[in-house]
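Below is one structure; the comments refer to it alone.
Along the sequence shown, the residues carry numbers beginning at 1. These numbers come from the heavy atoms of this one structure, side chains and all, not from hydrogens, waters or symmetry mates. Atoms within each ligand, like the ligands themselves, are counted from 1 in listed order.
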Amino acid sequence: MTNTQVRAVCPHDCPDTCALLITVEDGVATEVKGDPDHPTTQGVLCTKVSRYAERTYHPDRLLYPMRRIGKKGEGKFERISWEEALDTIAARLKPIAARAPQAILPYSYCGTMGFVQGESMSMRFFNKIGASLLDRTICASAGATGYKYTMGATIGTDLEQFQNAKLILIWGGNPIASNLHFWMRAQEAKRRGAKLVAIDPYRSLTAEKCQQHIALLPGTDSALALGMMHVLIQEDLIDRDYINQYTLGFDQLADRVAEWTPEKTAETCGIRVDEVLGLAREYGSTAKRGEAVAIRVNYGLQRVRGGGMSVRTIACLPALVGAWRHPAGGIQLSSSGSFPVNAAKLERPDLLKETPRTINMATIGDDLLRPASSQFGPQIEAMIVYNANPLAIAPDSDKVMQGFAREDLFTVVMEHFQTDTADYADILLPATTQLEHTDIHKAYGHLYMMANNPAIAPMGESKPNSEIFRLLAARMGFDDPCFKESDDEIAAQAFNNKDTRAIHFDWESLKRKGWDKLAMPEAPFAQGGFPTASGKCEFYSAKMAADGLDPLPSYIAPYESRASNPELARKYPLAMISPPARNFLNSSFVNVISLRGTEGEPHLDIHPDDSAARGIAHGDMVRIFNDRGSFVAKARVTDKARLGLVVGLSVWWKKLASDGKNANEVTSQRLTDMGRAPTFYDVLVEVEKVTA
Ligand code: SF4
């Protein structure tokens with residue numbers, strides 16, 4: 001019996017990017033555990049990925065290429081050979097590529113975060129065709145855009161410092177469910193005497209464990225930050241020396257926040273005046289004492305109309321109080337901008353003959369239904385979906401379904417399982433999981449370059465995405481040398497080792513060690529050096545003005561709220577958010593029986609007063625609806641949801657829900673103020689008891 005341990009990395013869309021150790025006995029992965037030596041993983045995995053072997057050996061794994069034999073969406077397929085699958089795809093794509101290459105569209109996101117199985121060989125393939133580009137906005141682009149206006153790049157406080165903070169604001173996230181290794185450090189900070197404050201419309205698992213929870217209305221986060229700045233400036237709880245040396249536009253900012261009195265802030269946010277005052281005073285006075293104040297801002301708060309501006313505004317706070325002077329102070333949205341990624345080598349945009357149009361993944365519902373026009377260009381005729389499940393995760397789901405149901409649309413899906421999207425494929429291809437292929441990763445919650453070694457042979461006839469695109473490229477007649485590169489050759493180009501941050505990057509040694517930290521300063525902005533045009537933290541942003549935006553922090557009301565749209569609110573009086581369920585990761589893991597068993601079934605959390613007003617009791621089935629659609633869930637009557645808010649933890653596979661629908665039936669395709677991102681949490685609904 002052979003028994004080995006293989007170094008790997010969690011591929012999922014999670015900031016923690018854990019280092020894994022895979023135990024393999026006679027070619028079978030028998031255990032997946034966290035690497036105890038990796039400084040951020042610390043030997044701990046979340047419940048989901050500790051079940052990764054169960055997911056890999058799941059009886060429903062797709063093992064062979066298949067061709068659709070039923071109606072679109074019916075999910076009926078028959079097995080075919082790889083030869084037939086690849087020949088069929090090439091035969092369908094070739095005439096479209098010759099006539100209207102932009103009619104071909106890739107659709108992918110972070111089903112895996114790796115470069116090799118994500119956007120490298122795939123992008124080379126689509127660039128060579130001249131296919132439409134995909135704007136990958138579904139999760140993070142609003143916040144990232146806003147953060148960069150203030151900070152210059154998505155660089156922030158190192159995860160490995162948070163345990164040294166004295167005050168941590170956990171803003172718009174639920175790290176127990178989706179950023180576990182940050183939560184471990186926050187808990188350590190708490191043990192050392194720090195105060196944790198959760199700012200979230202919903203009393204999440206995390207909010208329950210913080211000393212304070214501020215349950216503001218969805219979409220009002222920038223108002224709270226503006227109100228905090230008002231108090232900080234009024235009460236001189238700011239660091240004038242840091243402001244003078246390292247920031248731009250303080251006087252304009254002070255003028256701007258003058259109107260944001262604690263009273264106005266409290267009214268806008270739906271919270272008490274003392275909560276605004278207390279938060280600002282605690283933040284400013286802790287920093288003034290020279291102790292570290294840190295903010296972990298997350299993506300929940302940017303899924304609204306003013307989401308980009310919210311993050312941009314919150315990102316001004318640390319510079320105002322000089323929090324960056326301390327390694328444990330500052331703010332983290334994402335660490336992804338710390339990595340010198342060689343996108344040009346991975347994706348080869350030079351293969352494009354001309355710049356094609358860009359389709360936004362957030363509006364795929366409308367775009368699949370658009371006819372050809374001079375404004376839009378050619379109708380979308382073919383889609384290749386990989387690392388994504390748009391039928392479940394894209395907003396305004398009924399439109400997405402109508403688009404994928406088009407008989408004249410040719411759809412290829414590469415997947416591990418027969419997801420909601422796979423049911424609409426013409427050709428369904430089995431892809432390998434992280435245990436079966438090579439990859440290299442950056443992280444967005446820490447500073448380690450990570451290597452994934454294959455632990456077991458591919459299951460059935462599954463192939464890595466990279467190999468599928470390699471084979472398709474050959475079928476299409478693409479003979480550029482880049483289409484012959486092996487996965488190791490691709491990985492070896494991922495980071496620019498001429499950049500001082502990744503100066504020691506060497507793929508072969510990374511594969512052996514599993515991980516290596518970037519060379520970043522401990523306190524990245526203690527002496528300024530912000531990667532903005534001015535080199536300063538920009539309270540005033542000339543770039544925003546040039547981009548047609550308000551150059552100063554401001555409040556942008558939601559599209560759908562009582563205050564901003566009272567007429568709509570009379571019809572649909574409840575705000576709805578749909579944050580991640582603890583046992584799912586976006587729409588991954590929903591089909592893992594042990595994890596779905598823990599979640600039970602789709603629920604809707606509703607405040608006792610809101611449920612009483614509608615005659616809804618705990619455990620009743622309810623219909624959640626608006627003009628876009630409806631879905632059914634079981635009511636949980638709880639004050640975890642503030643008055644006027646309902647919460648549907650997500651993202652359920654539609655086919656596993658009793659009505660074949662999920663929360664995205666009611667979400668909209670309207671976009672954020674910046675970053676062209678979806679507004680999943682900017683939704684008004686009504687809820688009624690299902691009587692039938
Ligand atoms: S999902 Fe996140 S916490 Fe869980 S193993 Fe992966 S990286 Fe770690």
**Request:** Write out the residue and atom name of the closest protein heavy atom to atom 1 (S) of ligand 1, then the distance separating them to 0.1 Å.
**Result:** L585 CD1, 3.4 Å

**Request:** Would you indicate whether K345, at its atom NZ, is surrounded by more than 12 heavy atoms from other residues, nucleotides or ligands within a distance under 6.0 Å?
**Result:** no

**Message:** For E415, is there an ion pair with R61 - N to carboxylate O distance below 4.0 angstrom?
**Reply:** no

**Partner set under ring-ring contact (aromatic ring centres under 6.0 Å, His included) for H12, not counting sequence neighbours** = Y52, F589

**Pair Y386 + Y107: ring centers closer than 6.0 Å** = no

**Asked** What protein N, O or S atoms come within a distance below 2.8 Å of atom 8 (Fe) of ligand 1, ordered by chain and number?
**Response** C18 SG

**Request:** Could you pull out all residues at least two apart from A186 that satisfy side chain to side chain contact (heavy atoms under 4.5 Å, CB included)?
**Result:** I168, F182, W183, L196

**Request:** Name all residues meeting the side chain to side chain contact (heavy atoms under 4.5 Å, CB included) criterion together with E461; count only those two or more places apart in sequence or in a different chain, and write none if there are none.
**Result:** Y64, P65, R79, W82

